Colleague: 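Below are the structure tokens for one structure; questions will follow.
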Amino acid sequence: MADNRVVQGRMQTPESLAELIEGESVMDAEPIADADRDCPECGGNVLEVGYMPSALEFVTGYKCQDCDWSEVDRD
């Protein structure tokens with residue numbers, strides 16, 4: 001359970017955080033980590049999670065813990 005983090009007042013697992021960023025269900029997700037940057041909208045802490053939205057794609061998603069800002073790093 002150490003992988004769970006609070007995001008906007010709700011506890012998120014790696015999979016639920018990835019789904020929050022992606023907007024739909026994902027196949028698999030890696031543990032949540034602190035990103036080395038601040039949110040560009042509110043200055044809050046940004047988390048990152050690597051996940052597979054499909055069998056052929058792996059992306060890294062970023063989500064602010066305090067506001068709605070999120071971003072996906074796709075090649």
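Predicted model, so just to flag it, every value in this text is computed and none were measured.
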Colleague: Check whether any side-chain heavy atom of Trp69 sits under 4.5 Å from a side-chain heavy atom of Pro40, and report yes or no.
Modeller: yes

Colleague: Looking at Val26, Asp3, Leu17, Thr13, which hits side-chain contact (heavy atoms from CB on, under 4.5 Å) with Val49?
Modeller: Leu17

Colleague: Flag yes if more than 12 heavy atoms outside Met11 fall under 6.0 Å of its CE atom; otherwise flag no.
Modeller: yes

Colleague: Check Met27 against Ser54 and note the closest heavy-atom contact, atom names and distance.
Modeller: SD-C, 3.2 Å

Colleague: Ignoring hydrogens and angles, state whether a donor on the side chain of Tyr51 or Glu22 is under 3.5 Å from an acceptor on the partner side chain.
Modeller: yes

Colleague: Is the closest side-chain heavy-atom distance between Asn45 and Asp34 below 4.5 Å?
Modeller: yes

Colleague: To the nearest 0.5 Å, tell me how far Glu41 CD sits from Cys67 SG.
Modeller: 5.0 Å

Colleague: Looking at Arg10, I want to see if its CZ is surrounded by more than 12 non-hydrogen atoms of other residues, nucleotides or ligands under 6.0 Å.
Modeller: no

Colleague: May I ask you to check whether Lys63 and Gln8 show a side-chain donor-acceptor distance below 3.5 Å?
Modeller: yes

Colleague: Quick one: closest heavy-atom pair of Ala29 and Ala18, and the distance?
Modeller: CB-CB, 4.3 Å

Colleague: Which pair of non-hydrogen atoms, one from Gly44 and one from Asp66, has the smallest distance, and what is that distance?
Modeller: CA-OD2, 3.4 Å

Colleague: Is the closest side-chain heavy-atom distance between Asn4 and Pro14 below 4.5 Å?
Modeller: yes

Colleague: Measure across Ala55 and Met52 and return the closest heavy-atom pair with its distance rounded to 0.1 Å.
Modeller: O-CE, 3.6 Å

Colleague: Determine whether Cys64 and Ser70 make a side-chain contact, defined as any pair of heavy atoms from C-beta on separated by less than 4.5 Å.
Modeller: no

Colleague: Is Val59 reachable from Ile21 through a run of I, L, V, M, F, W or Y residues, each pair having side-chain heavy atoms under 4.5 Å apart?
Modeller: yes

Colleague: Does Phe58 reach the side chain of Arg74, with side-chain heavy atoms less than 4.5 Å apart?
Modeller: no

Colleague: So Gln65 and Leu47, do their side chains get closer than 4.5 Å, heavy atoms only?
Modeller: yes

Colleague: Same cluster or not: Val72 versus Val7, using hydrophobic residues (I, L, V, M, F, W, Y) connected whenever any side-chain heavy atoms lie under 4.5 Å apart?
Modeller: yes

Colleague: Can you name the closest pair of heavy atoms from Glu15 and Asp28 and give their distance?
Modeller: OE2-OD1, 4.3 Å

